[in-house]
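Report on the following structure.
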Amino acid sequence: MRTIPLVDLRAEYEWIREEVREQIDSVLESMELSLGENVFRLENEFAKYCRARAAIGVGSGTEALSLILKALDIGPGDEVITASHTFIATAEAIVLAGATPVFVDIDPTTYTIDPNKIEEAITEKTAAIMPVHLYGHPADMDAIRDIADRHGLRVIEDACQAHGSEYKGTKTGSLGDAAAFSFYCSKNLGAYGDGGMVVTNDRDIASAVRLLRNHGRASKDVHVVAGTTSRLDEIQAAILRVKLKHLERWNGMRRAWAAEYSRELAEEEEIQTPHERAYAYHTYHLYVVRTRRREALRSRLQKAGVSTGVHYPVPVHLQKPFMGYGGGEGSLPETETAAREVLSLPMYPALTVEQTRYVYQSIVDFFRTEKQRPQGQAATNVGGRR
Ligand SMILES: *Cc1c(COP(=O)(O)O)cnc(C)c1O
């Protein structure tokens, strides 16, 4: 039986194998293994790609977020407003910096933080808003920045799923005070290990992060702040430099596959395809549909050899380490409903016409056979809602 994975990193590797191997080899021959030529060049290339002033390579996306907070002196006693419908790392980074996450509900059409619900969450302790450009769709940044300006708050983009995404023609990375990117292997720009990047137009944030990622080291034996070990490594940077050259085209391929899925599933009443706001250039880190029949559809697709994912089945505010931060079950209704209904379909640049057709055809078949089921025999009432 054929199987279609959720992500196929090997297929992508086939396209760049020779170049990647050459670059890894050249790092090993030079033995310049830490904060060398490749990290330095990637920082310049990635800043240029984002059309931002500075980029600083760090150990991971999580560290990128928490180092930005530390650079801004946001920590104990400060609150940071963010979404709960996200990967747990967004909230972890806030806690790592010593600050307190405050969760706000999402706009159910874009799955990003709902600007209309931000103001009621602001207190005198609020220091920043951290919107997440989830799945590759940018958050509504004008509305968010407007609120931040009125209340004197910082804006930190969690762009870990949004390399190359745009808001009104501006790339993520320069939509707030600073942005965090992850190079975790499955991201749109992924290393073959861990890595991350801070992108900013703010010179002070840039120089503070540069110090913090490397033990506060100003020169060989001079340490001016207590920092940490969070350097992007040379081998990963060399790999990322090869992949960055392809990012724009690969994002375009993701968009083309997404358009194909959306066109073919447009007529299905029980499934909602991703919404692209007029302001958005969506880069489809994940292609996420929603349906109340998620579990049944998911198991049918599994039987047909189509892998799917759920991002994310349990919202952050209902995960054990974050249950103490205010709202329990029922506090974020759109977030909790999305958690029951979202389903990620296979999405990666190396998808083929046959694979995408097989995926959407399997979905169309599922809903067709379900419709033919006689009344009273409906096998699915998943989520139990409505
Ligand atoms: C991947 C991701 C992160 C964290 O990145 P790591 O490099 O894994 O630390 C943070 N936020 C979001 C939304 C992510 O998807």
Side-chain angles (χ1 to χ4, degrees), residues 6-7 9 42 46 55-70 80-97 99 101 103-104 106 110-113 128-139 141 144 155-165 172-173 175-176 178-199 209 212-213 228-233 236-237 239-240 243 254 282-288 309-317 319 321-322 335 338-339 342 344 347-348:
L6 188 60
V7 178
L9 295 178
L42 177 70
F46 196 68
I56 306 98
V58 297
S60 70
T62 309
E63 295 262 294
L65 286 168
S66 78
L67 293 179
I68 292 168
L69 290 170
K70 286 184 184 155
V80 178
I81 291 174
T82 193
S84 171
H85 185 67
T86 179
F87 181 53
I88 197 149
T90 311
E92 271 177 329
I94 296 168
V95 170
L96 268 172
F103 300 109
V104 164
I106 50 163
T110 63
Y111 305 105
T112 59
I113 193 166
I129 307 171
M130 187 182 280
V132 184
H133 306 310
L134 202 71
Y135 309 148
H137 190 292
M141 295 304 291
I144 293 165
V155 176
I156 299 151
E157 298 173 73
D158 182 340
C160 290
Q161 300 190 1
H163 316 67
S165 300
T172 57
L175 296 166
F181 290 85
S182 165
F183 300 135
Y184 179 70
C185 52
S186 66
K187 305 290 165 114
N188 287 28
L189 179 59
Y192 293 152
D194 280 301
M197 191 78 90
V198 171
V199 173
V209 171
L212 289 167
R213 74 166 169 188
T228 186
T229 305
S230 186
R231 297 171 295 245
L232 179 63
D233 85 66
Q236 299 305 335
I239 294 164
L240 289 163
K243 295 180 91 179
R254 287 173 183 270
H282 192 329
T283 51
Y284 291 96
H285 170 58
L286 294 166
Y287 182 90
V288 177
V310 174
H311 303 88
Y312 298 85
V314 182
V316 177
H317 72 289
Q319 295 278 3
F322 297 96
T335 294
V342 291
S344 308
M347 175 51 70
Y348 46 90

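These numbers come from the heavy atoms of this one structure, side chains and all, not from hydrogens, waters or symmetry mates. For the single chain, residues carry numbers from 1 onward in sequence order. In each ligand, atom 1 is the first atom listed, and ligand 1 is the first ligand listed.
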key: Atom indices of ligand 1 within 4.0 angstrom of C160 heavy atoms, with elements   = 2 (C), 3 (C), 10 (C), 11 (N), 12 (C), 14 (C)

ask   = Would you say Y184 has any N or O atom under 3.5 Å from an N or O of ligand 1, going by distance alone?
value = no

key: Close N or O approach (Y312, ligand 1; < 3.5 Å)   = no

request  = Please check if any side-chain donor atom of T110 sits under 3.5 Å from a side-chain acceptor atom of T112, or the reverse.
outcome  = yes

request  = Show which atoms of ligand 1 fall inside a sub-4.0 Å distance from at least one heavy-atom site of V132.
outcome  = 13 (C)

message = With heavy-atom distances below 4.0 Å as the criterion, list the atoms of ligand 1 near A89.
response = 3 (C), 4 (C), 10 (C)

inquiry  = Hydrogens and angles aside, do H285 and N188 bring a side-chain donor and acceptor to less than 3.5 Å of each other?
reply    = yes

I88 versus V316, closest heavy-atom pair with distance = CA-CG2, 3.9 Å

Those atoms of ligand 1 less than 4.0 Å from some heavy atom in T86 = 13 (C)

query = At under 4.0 Å between heavy atoms, which part of K187 makes contact with ligand 1: side chain, backbone, both or neither?
reply = side chain

ask   = Taking all atoms of both residues into account, what is the closest heavy-atom pair of H311 and S344, and its distance?
value = ND1-OG, 2.7 Å

key: Ring geometry between Y111 and H85 (parallel below 30°, tilted from 30 to 60°, perpendicular above 60°)   = tilted

key: Heavy-atom pair of closest approach, residues T283 and Q161   = OG1-O, 4.3 Å

task = Find all atoms of ligand 1 within a distance of less than 4.0 Å from any non-hydrogen atom belonging to S60, and give their numbers and elements.
result = 7 (O), 9 (O)

message = Counting only heavy atoms, tell me which of G190, A180, A191, S182 gets closest to atom 7 (O) of ligand 1.
response = S182

key: Y135/H137 aromatic ring centres below 6.0 Å   = no

query = N/O of G61 under 3.5 Å from N/O of ligand 1, yes or no?
reply = yes

Ligand 1 contact by H285, heavy-atom criterion under 4.0 angstrom = no

Heavy-atom nearest option to atom 12 (C) of ligand 1, drawn from D158, D194, T62, L286 = D158

message = Tell me if the OH atom of Y184 is crowded by more than 12 foreign heavy atoms within 6.0 Å.
response = no

